[in-house]
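These notes concern the structure reproduced below.
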Amino acid sequence: MSLKVYNSLTRQKEEFKPQKGNEVTMYVCGPTVYDLSHIGHARSAVAFDVIYRYLKYRGYDVKYTRNYTDIDDKIINRANKDAVPWNEISERYITAFDEDMAALGVELPTFRPKATATIKEMLNVIQTLINKGFAYVLDGDVYYSVRKFKDYGKLSGKNIEELEAGARVEVDERKEDPLDFALWKASKPGEPWWESPWGKGRPGWHIECSAMSQKFLGETIDIHGGGKDLIFPHHENEIAQSEGATGRPFVRYWIHNGFVNIEKEKMSKSLGNILTIRDALGDYSAEVIRLFLLSSHYRSPIDYSEESLRDAETALDRFYKTVERIESNWPDIKNAPLDKNRGSLQLFIDAMDDDFNTAYTIGRIFDEVNNANRLMDDAIKSGVDRKLKEVLPVIMAIFREMGKILGVFNKTTEEYFQEKKMYLNIPPEEIDKIIATRTEARKNKDFKKADEIRKSLEEKGILLEDTAKGTIWRVKIK
RNA sequence: GGCGGCGUACCCAAGUGGCUAAGGGAGCAGUCUGCAAAACUGCGAUGCAGCGGUUCAAAUCCGCUCGCCGCCUCCA
């Protein structure tokens with residue numbers, strides 16, 4: 001089986017073959033750092049994180065670049081509003097973004113360049129475009145002449161005539177064509193600037209990605225990713241810039257992730273329903289959020305709602321309860337190695353090979369959860385655990401391997417349940433004391449008192465389970 | 001208006017030509033339990049928005065209709 005990837009450029013699934021043997025070059029558009037990142041950024045980051053992890057798992061040597069757009073109108077506006085230097089804003093939110101990514105368990109890309117550290121390369125690309133006749137200078141600005149690029153619109157499926165017809169009121173009458181976009185903007189007083197052959201100025205938004213991907217990954221890259229909304233105009237313009245300048249294909253596989261809605265509404269500043277990654281992490285653990293995000297296909301729109309997140313948390317609890325049950329009853333099984341000959345992972349690999357079908361693999365993981373519980377029930381009932389000892393190590397190995405790829409199901413049970421208990425405002429010792437009182441009552445057959453205690457703990461978010469080995473407690477899901 | 005997508009059980013969601021339409025959540029019944037919880041077992045779409053068509057065979061392909069959404073402006 002081979003890896004198949006949906007390519008936004010051709011609008012179909014294609015067999016994935018890197019241009020250079022085993023090496024994969026991948027570029028994903030990172031954040032514009034002018035504010036805290038939201039759950040939509042998290043989705044994109046997690047989707048490409050899994051793609052990155054899976055490509056590595058498949059044995060590819062992946063060079064992955066994700067940039068920071070650290071110079072932009074929005075950053076300048078924010079700096080003016082807060083009355084601080086522009087780079088204080090960008091630095092602040094780069095740090096915040098990095099923290100959020102770490103909290104979500106997103107692996108670090110190979111390269112994480114800042115736009116402002118790549119100005120020299122941008123100037124080179126712009127100069128080349130001018131020399132080749134794709135761009136023109138106007139009072140210190142440089143514009144890309146969209147009509148000069150034959151293939152313009154090939155990614156977004158737009159054609160120039162229609163864009164022209166639908167063009168909004170043009171504010172800049174100096175441009176040769178309303179569709180032309182800025183490669184370089186002359187700086188206004190008080191704005192940050194860099195020296196250039198056309199005077200002091202700063203880069204346009206699109207040029208940085210062309211320059212950075214070429215600098216770190218080469219003229220033609222294997223994968224370029226980002227949110228669906230970036231297809232037009234951002235990625236379309238990147239193609240025009242890069243292919244105009246190099247004369248070579250820019251990207252071989254375009255991958256775009258779908259949007260996150262909040263309670264069925266589009267997330268937007270005007271609706272005031274932006275959900276930051278921090279706020280989400282205040283309500284749910286990183287693994288719950290990842291499980292939620294990966295339970296749908298990366299290209300579909302998803303709806304972030306309290307109900308979906310609670311469902312994900314319940315499911316994740318189910319997973320860890322099962323692992324805990326295995327570990328406490330058959331401790332020697334825990335670290336048994338995966339026998340590669342069993343082919344038990346093939347199902348998962350096939351699914352991931354099919355355009356990274358994480359939802360399917362999660363379904364199969366829960367099949368194995370059921371399977372494991374059934375085996376344990378049978379073994380306890382019959383007193384024979386031969387089959388269990390054969391199968392459970394394989395299941396545990398599957399959990400480990402898939403956990404590494406998905407970044408979910410990846411904690412020890414101690415970590416997982418401990419983390420949940422930290423959200424309670426009652427000290428565990430106190431809970432243990434209350435439980436001891438209840439155990440005493442049960443021993444004396446004072447079930448009325450025992451039930452009262454159980455009920456009062458439940459009201460505080462604590463669930464009791466009376467097992468053969470004694471009473472244990474868990475944190476109730478809101 | 002142009003381009004793209006979606007509509008699968010009570011909710012979320014996988015499945016894009018052929019074995020009983022995954023999985024999670026919720027629900028009901030049973031096993032277990034002092035009672036619960038957990039776990040297991042069983043029940044739950046004869047059906048995949050609707051209507052036609054192609055095919056030996058369709059949720060899956062084609063056409064039309066209805067409904068929803070995204071992009072076309074900064075946006076993951």
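Chain naming here is simple, since letters A, B, ... match the order of the sequence lines and numbering starts at 1 in each.
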Problem set entry | Side-chain donor/acceptor of Asp355(A) to backbone N/O of Val5(A), under 3.5 Å | no
Seminar exercise, completed: Testing rA76(B), rC12(B), rG34(B) for proximity to the side chain of Asn257(A), the answer is rA76(B)
Seminar exercise, completed: When rounded to the nearest 0.5 Å, the distance separating CD1 of Ile349(A) from CD1 of Ile405(A) is 7.0 Å
For this session: Please state how far atom CG in Asp350(A) lies from atom C1' in rA14(B), giving the value in whole angstrom units.
Result: 15 Å
Exercise. Looking at CD of Glu415(A) and CG of Asn410(A), how far apart are the two atoms once the value is rounded to the nearest 0.5 Å?
Worked result: 9.0 Å
Exercise. Among the nucleotides rA39(B), rA76(B), rG15(B), which one has an atom lying closest to any side-chain atom of Met267(A)?
Worked result: rA76(B)
For this session: List in chain and number order the residues that pass ring pair (Phe, Tyr, Trp, His ring centres under 6.0 Å) with Phe319(A), two or more places apart in sequence or in another chain; answer none if no residue qualifies.
Result: Phe399(A), Phe409(A)
Exercise. Listed by chain and number, what are the ring pair (Phe, Tyr, Trp, His ring centres under 6.0 Å) partners of Trp473(A), not counting sequence neighbours?
Worked result: none
For this session: Please state how far atom OH in Tyr6(A) lies from atom P in rU16(B), giving the value in whole angstrom units.
Result: 15 Å
Exercise. Which parts of residues 455-465 of chain A get close to RNA chain B, meaning a heavy atom less than 4.0 angstrom away?
Worked result: Leu464(A), Glu465(A)
Exercise. Does the gap between the ring centers of Tyr360(A) and Phe348(A) come in under 6.0 Å?
Worked result: no
For this session: Within residues 307-330 of chain A, find the residues that approach RNA chain B with a heavy atom at under 4.0 Å, and present them sorted by residue number.
Result: Glu307(A), Asp311(A), Thr314(A), Ala315(A), Arg318(A), Lys321(A), Arg325(A)
Exercise. Can the positive tip of Arg66(A) be found less than 6.0 Å from the middle of the six-membered ring of Phe111(A), inside 45° of the ring normal?
Worked result: no
For this session: Using the P atoms only, state how far rU54(B) lies from rA14(B), rounded to an integer number of Å.
Result: 32 Å
Exercise. What residues in residues 69-82 of chain A put a non-hydrogen atom under 4.0 Å from any atom of RNA chain B?
Worked result: Lys74(A)
Exercise. Pick the nucleotide of RNA chain B nearest each of Asp377(A) and Ser156(A); which residue has the one closer to the 5' end?
Worked result: Ser156(A)
Problem set entry | Closest nucleotide among rA76(B), rG15(B), rG24(B) to the Thr32(A) side chain | rA76(B)
Problem set entry | Side chain of Ser300(A) (C-beta onward), nearest among rC71(B), rA14(B), rC3(B) | rA14(B)
For this session: Go through rG34(B), rC75(B), rG15(B) for me and flag the one nearest to the Asn357(A) side chain.
Result: rG15(B)
Exercise. Quick one: on RNA chain B, does Tyr360(A) or Arg11(A) contact a more 5' nucleotide (nearest heavy atom)?
Worked result: Arg11(A)
Please list each protein N or O that sits under 3.5 Å from an N or O in nucleotides 19-21 of chain B, with the distance.
none

Problem set entry | Candidate nucleotides rG15(B), rC71(B), rG34(B), ranked by approach to the side chain of Lys158(A) - the nearest | rC71(B)
Exercise. So which nucleotide from rC71(B), rA36(B), rA39(B) ends up closest to the side chain of Lys266(A)?
Worked result: rC71(B)
